[in-house]
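Let me begin by presenting the structure, written as structure tokens, before commenting on it.
Letters A, B, ... mirror the listed sequences (proteins, then strands); counts begin at 1.
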2 protein chains.
Amino acid sequence: MGIFSKTCEYAVRAVFFIAQHTADGSRVGIKEIAVKIDSPEHFLAKILQDLSKRGIIQSVKGPNGGFYLDAQSLGRPLSDVIEAVDGGGIFRDCGLGLKECSSKNPCPLHHDFLDVRNRLQSMLESITIGQFNEDLNLGIVVLKK
Amino acid sequence: MGIFSKTCEYAVRAVFFIAQHTADGSRVGIKEIAVKIDSPEHFLAKILQDLSKRGIIQSVKGPNGGFYLDAQSLGRPLSDVIEAVDGGGIFRDCGLGLKECSSKNPCPLHHDFLDVRNRLQSMLESITIGQFNEDLNLGIVVLKK
DNA sequence: ACAATAAAAGACATTTTTATCTTTTATTGT
DNA sequence: ACAATAAAAGATAAAAATGTCTTTTATTGT
């Protein structure tokens, strides 16, 4: 198990891919996305349906339809995707699973974890969905393998 | 889902509890541990059996038996527990699930994740299993709720 | 030796996550 | 209107994680 669920990994990769391929206003289909990010097509479909419902990505049915991102979506922080898919638990929950862990009632790792989680969160909040488009085009960063 | 699996959360809480209660050389039974850290008894039993096999904790059967930690175990880094239970993936694997993600072939988040993972790892490597015994005795930190 | 104790081990059940396949609905171009 | 397209939705399945219960083995004190 990684930091995120499989679902979330697919979601982030797909969102980056959609961003890269629809910055010009076009759409991209589920089949192509699934192949290009190496994910199970129908499973990814569910994930994108959910993101679409939540307004994090956009979609249109029918010929020339597909998924895309409007200007607002391209500017969203990546943390929105993680929150939508995995929930915000990773940013907030106790590392040892205590429900009432807090600075008043801390687990042994509370303070150290607070630091790590805050870093993770501020990192994901400062990254936007669209910011890797150029690097992806140049092949400096990749979304599969 | 937290950063660690439930299994790993129980493992860490149990190990801290055993450390606190056996620093004097005595043993503590699975029943008491399970109650005091609020975990399913038989599930925790499996976890501790595994940690015992791996030499991370010690155990003896029979009357006055139970789990305990020798001096060496008390000085182990907490990262050993995480590695034993969840594997080292959390310290090494790509945040987006790419098998071949590296500085040569990075995912978009590679560099940022490297930083977060390294911090998490060095934090867990610098914490020892026995270091919270006093704070636990004083009630400054807790292992349940 | 024997009974009591407590971990080890085995078998099984439940829940959650991940994955696959089929049918329906909306949209487009002809 | 109609056929083609592509996402949405529904149903089902497989795998993994989590949880429960029972039996076995090792150890201790009498």
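- Under a 4.0 Å N-O distance rule, the pair B:Arg92/B:Glu83 qualifies as a salt bridge.
- Between the side chains of A:Asp70 and A:Ser73, at least one donor N or O lies within less than 3.5 Å of an accepting N or O.
- Summarising the geometry, the separation between CD1 on B:Ile57 and C1' on C:dA6 is reported as 14 Å, rounded to the nearest angstrom.
- OP1 and OP2 of D:dA6 both lie 4.0 Å or more from every side-chain N or O belonging to A:Ser59.
- Judged by atom type and distance alone, B:Lys6 does not reach the base of D:dT18 through any side-chain donor-acceptor pair under 3.5 Å.
- Going from atom OH of B:Tyr10 over to atom P of D:dA17 covers 15 Å, rounded to whole Å.
- Each of A:His42 and B:Ala45 was assigned the nucleotide of DNA chain C with the nearest heavy atom; the assignment lying further toward the 5' end belongs to B:Ala45.
- In this structure, B:Asp50 places its CG atom 14 Å from P of C:dG10, rounding to the nearest Å.
- Residue B:Thr7 places no side-chain N or O under 4.0 Å from the OP1 or OP2 atom of D:dA17.
- Across all strands, B:Lys46 comes closer than 4.0 Å to base atoms (heavy-atom distances).
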What dot-bracket string describes DNA chain C from 5' to 3', counting Watson-Crick and G-U wobble pairs whose defining distances are under 3.5 Å, with [ ] for crossing pairs and | for pairs to another strand? ||||||||||||||||||||||||||||||
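- For B:Phe113 and A:Phe4, the distance between ring centers is under 6.0 angstrom.
- The backbone N or O of B:Ser122 lies less than 3.5 Å from a partner atom in the side chain of B:Ser126, making a donor-acceptor pair.
- For B:Pro40, whose side chain is taken as the heavy atoms from C-beta onward, the closest listed nucleotide among D:dG19, D:dA8, C:dT28 is D:dG19.
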